[in-house]
Amino acid sequence: MAVEEKIAQAIRLAIQAASGEEVPEETIVLQKTRKDFEGDVTFVVFPFLKLLKRSPEESAGFLGKEVISRVEEVDSFNVVKGFLNISLKKSFWLDFLLTQSGSQDYGKAATISADKPVIVEYSSPNTNKPLHLGHIRNNLLGNSVARILEASGKQVVKVNLVNDRGIHICKSMLAWIKYGQGETPETSGKKGDKLVGDYYVRFETELRKQVQEVMNSRAITEEEARNTAPLMLEARDLLRKWEERDPEVIRVWEIMNTWVYRGFDSTYTRLGIDFDKIYYESDTYLLGRTIVLEGLKEGRLIKKADGSVWADLSDDNLDEKLLLRTDGTSVYITQDIGTAQLRHDEFKPEKMLYVVGNEQNYHFEVLKKVLKKLGKSWADTIHHLSYGMVELPDGKMKSREGTVVDADDLMDEMVETARRTTEELGKTTDFSETYKAVLYHTIAMGALKYFILKVDPRKNMLFNPAESIDFNGNTGPFIQYTHARIASMIRKAGPERMAQLRTDIHKHQIHPKEIALLKHIYNYPGMVREAAGELNPALIANFTYELCKEFNQFYHEFPVLNEPDRHISDFRLQLSAFTALCIRNAMELLGINVPERM
RNA sequence: GGCCCCGUAGUUCAACGGAUAGAAUGGAAGUUUCCUAAACUUUAGAUACAGGUUCGAUUCCUGUCGGGGCUACCA
């Protein structure tokens with residue numbers, strides 16, 4: 001049993017004994033003692049004053065004595081108003097260092113559960129649009145959440161659903177057919193996804209021209225003009241042909257897709273993310289249609305006079321939702337129904353996690369309701385991990401308006417900043433070219449990933465393209481630097497010494513600052529569990545930042561290798577190595593590498 | 001209009017209903033004969049507004065004001 005549990009238990013029994021009332025376990029909540037106060041664990045007595053029939057100070061004092069006598073790891077306590085601050089024995093902390101610092105897997109669950117897996121869907125790009133900063137947030141979040149869940153002992157399946165069909169895809173195809181003159185990534189020197197994206201933009205530009213012309217000559221609304229413009233009709237026609245598997249259309253579609261996937265893959269690789277399985281909407285949308293038609297036959301859905309199929313969600317205070325168009329083609333949610341069914345059948349997952357922006361909150365609400373309407377008992381395994389938008393100083397990024405921060409460009413800039421900063425600091429003189437290339441990439445990605453992941457996923461965040469992402473302060477490179485410093489000490493100590501550190505519990509008078517550092521590391525596994533429960537990588541980021549600050553203070557104040565007393569030096573070396581291990585494992589959960597030198 | 005989310009230092013981010021609201025950055029002032037100064041130390045600076053619940057509210061409730069999103073036979 002962990003010490004915290006023992007303390008909570010002791011407090012609970014003491015309150016029960018004193019009051020004669022049953023006290024449920026979950027009402028005893030311990031918290032970490034705040035930094036400005038002495039102690040390791042704090043219990044707030046206010047909620048129990050009525051049971052204890054004493055003043056806050058007396059109650060806390062009473063419980064403090066009980067805890068000391070019942071829990072051997074407890075050394076002392078102090079009382080501030082209604083706060084009982086409990087300190088653990090120094091031997092407890094030393095023992096923690098000696099028993100835990102050897103395990104490379106510190107903080108990872110010992111076993112992976114054999115139960116049903118958790119499916120994490122993320123990225124889910126649209127083949128018309130090159131990846132931008134919004135996708136970066138999505139990709140990093142999804143990847144990190146998957147890692148965190150794994151570390152907490154879940155079996156995780158990472159999946160990507162590529163949005164490769166629909167009217168929008170036909171738009172870029174049409175533009176390429178009409179205006180492309182056979183342009184390819186090779187002939188143009190453009191990355192495949194960028195090339196296709198350009199044709200999507202081209203379609204919109206040409207369409208706008210047509211709309212403008214029609215509106216100048218006839219008095220109709222813009223919406224009508226859009227819907228009746230020749231280009232739009234051609235795009236619709238192309239979609240019909242695509243759904244009929246017209247060989248020529250399919251051929252163009254496949255060629256363009258191949259370009260896009262090659263482009264996406266290179267971006268994913270640079271970002272360091274991957275998937276266990278990739279789904280394509282083109283493979284799943286028909287299943288969605290089948291399910292909808294079945295639902296219609298079973299009387300769960302309604303068909304209107306024009307032939308369109310709808311789910312009536314008015315019982316749930318939502319509107320009617322279109323599932324099949326008048327012409328029988330599928331809409332976005334139709335394929336989501338199919339994909340969900342497919343995944344459920346394949347994995348019988350405990351949970352299906354969708355990492356998708358909060359602009360789709362309504363969509364997922366509707367999806368769950370529709371699945372329930374269709375009688376799917378597993379509808380509640382669906383969980384929308386809804387993350388906030390990345391905003392620019394002048395508002396949201398919009399592909400159509402060209403106000404996007406391109407993922408590849410941003411990564412290029414980050415690498416360049418990393419190179420320049422490192423060289424300005426004059427640290428590269430004895431680094432090989434190969435090492436430098438890897439290092440700049442590591443630092444660049446560290447800065448970018450940390451910048452994104454340190455923010456609570458649910459909140460919108462701001463990115464200012466005019467200011468480059470910081471390398472000082474609460475940043476990825478700060479954490480990487482802290483690790484590199486420790487790695488440097490370990491190198492200097494040498495493998496032989498590291499293999500036989502003589503940390504002697506009895507000889508070493510451990511300093512409060514050293515305990516503070518150990519305490520921080522001690523909290524790491526709990527932090528991983530919490531992050532897994534909340535699906536929140538920001539907790540890991542902030543934890544690691546605090547740990548590094550704690551270490552840097554220690555490092556500044558206490559000599560490690562330069563400490564003449566070998567026992568103390570060994571102890572500090574072991575403490576430093578444990579810190580480095582904790583940093584490394586924590587950063588791994590964010591997908592951030594930590595260098596040995598920088 | 002309806003529904004949802006968000007308002008914390010100049011700026012970007014923290015804070016299970018708990019103690020004196022933390023950091024970073026920018027501003028001011030320091031620390032290199034010492035293990036990497038991408039570091040460390042000191043300093044000024046914030047809970048939009050008005051009520052309510054509570055021993056205790058940045059956190060929960062109501063209203064006002066401000067910002068964003070959704071409300072497509074787009075995805």
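The figures that follow rest on heavy atoms only: side chains count, while hydrogens, waters and symmetry mates do not. Order of the sequence lines sets the chain letters (A, B, ...), proteins ahead of strands, with each chain counted from 1.
A:Phe43 has its ring centre less than 6.0 Å from the ring centre of A:Phe48. Aromatic ring centres of A:Phe551 and A:Phe554 lie closer together than 6.0 Å. Here A:Phe37 and A:Phe83 keep their ring centres 6.0 angstrom or further from each other. Aromatic rings of A:Tyr354 and A:His383 (six-membered ring for Trp) have centroids beyond the 6.0 Å cut-off, not under it. In this structure, the ring of A:Tyr285 has its center less than 6.0 angstrom from the ring center of A:Trp242.
B:rC40 and B:rA23 have their P atoms separated by 12 Å, given to the nearest Å. Spacing between B:rA21 and B:rG45 at atom C1', rounded to whole Å, works out to 13 Å. B:rU47 and B:rU59 are spaced 10 Å apart, taking the C1' atom of each and rounding to whole Å. Rounded to whole Å, the P atom of B:rC60 lies 11 Å from the corresponding atom of B:rC5. Comparing B:rC16 with B:rC55, their P atoms sit 22 Å apart, to the nearest whole Å. Annotation: B:rG26 and B:rA19 have their P atoms spaced 30 Å apart (nearest Å). Between B:rG56 and B:rA37, the distance separating the two C1' atoms is 44 Å to the nearest Å. Nucleotides B:rA15 and B:rG2 are separated by 32 Å at their P atoms, to the nearest Å.
Annotation: A:Arg497, atom CZ; neighbour count of heavy atoms from other residues, nucleotides and ligands within 6.0 Å is above 12.
Taking 4.5 Å as the limit, some side-chain heavy atom of A:Ile452 sits within range of a side-chain heavy atom of A:Leu133.
Cation-pi check for A:Lys321 over A:Trp310 is not met; the charged atom does not lie both under 6.0 angstrom from the ring centroid and within 45 degrees of its normal.
Evaluation of atom-type donor-acceptor distances gives no pair under 3.5 Å for the side chain of A:Asp456 against the base of B:rC13. Evaluation of atom-type donor-acceptor distances gives a pair under 3.5 Å for the side chain of A:Asn85 against the base of B:rA19.
Put simply, CE on A:Met232 is 17 Å from P on B:rA72, counting in whole angstrom units. A straight line from CE of A:Met527 to C1' of B:rA15 spans 12 Å, rounded to a whole angstrom.
At least one side-chain nitrogen or oxygen of A:Arg325 sits closer than 4.0 Å to the OP1 or OP2 atom of B:rC74.
Note on A:Asp430 versus A:Arg597: salt bridge recorded, some NZ/NE/NH1/NH2 to OD/OE distance being below 4.0 Å.
From A:Thr42, atom OG1 reaches atom CZ of A:Phe77 across 13.0 Å, with rounding to the nearest 0.5 Å.
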Set out, line by line, the N/O atom pairs under 3.5 Å between protein and nucleotides 3-6 of chain B.
none

Please write out each protein N/O paired with an N/O of nucleotides 44-47 of chain B under 3.5 Å, distance rounded to 0.1 Å.
none

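Listed nucleotides B:rC16, B:rG69, B:rA19 differ in distance to A:Val29; the shortest reach to its side chain belongs to B:rC16. Looking at the side chain of A:Tyr362, the nearest of the listed nucleotides B:rA75, B:rC70, B:rU20 is B:rC70.
Listed by first then second residue, pairs satisfying side-chain hydrogen bond (donor to acceptor under 3.5 Å, both in side chains) with a partner in residues 445-457 of chain A read A:Tyr450-A:Asn474, not counting sequence neighbours.
In this model, no donor atom of one side chain and acceptor atom of the other lie less than 3.5 Å apart for A:Asn85 and A:Arg34.
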RNA chain B in dot-bracket form (Watson-Crick or G-U pairs under 3.5 Å, [ ] crossing, | inter-strand) is (((((((..((((....[...)))).(((((.......)))))....(((((..]....))))))))))))....
Under a 4.0 Å heavy-atom criterion, the protein footprint on nucleotides 33-43 of chain B, written with B, S and -, is -SBBSBSSS--
Criterion side-chain contact (heavy atoms from CB on, under 4.5 Å) on A:Tyr387 and A:Arg458, from CA distance to verdict: CA-CA 4 Å; A:Tyr387 65 89; A:Arg458 283 157 265 278; over 6 Å; no
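Checked against salt bridge (Lys or Arg N to Asp or Glu O under 4.0 Å), A:Glu413 has no partners two or more places apart in sequence or in another chain.
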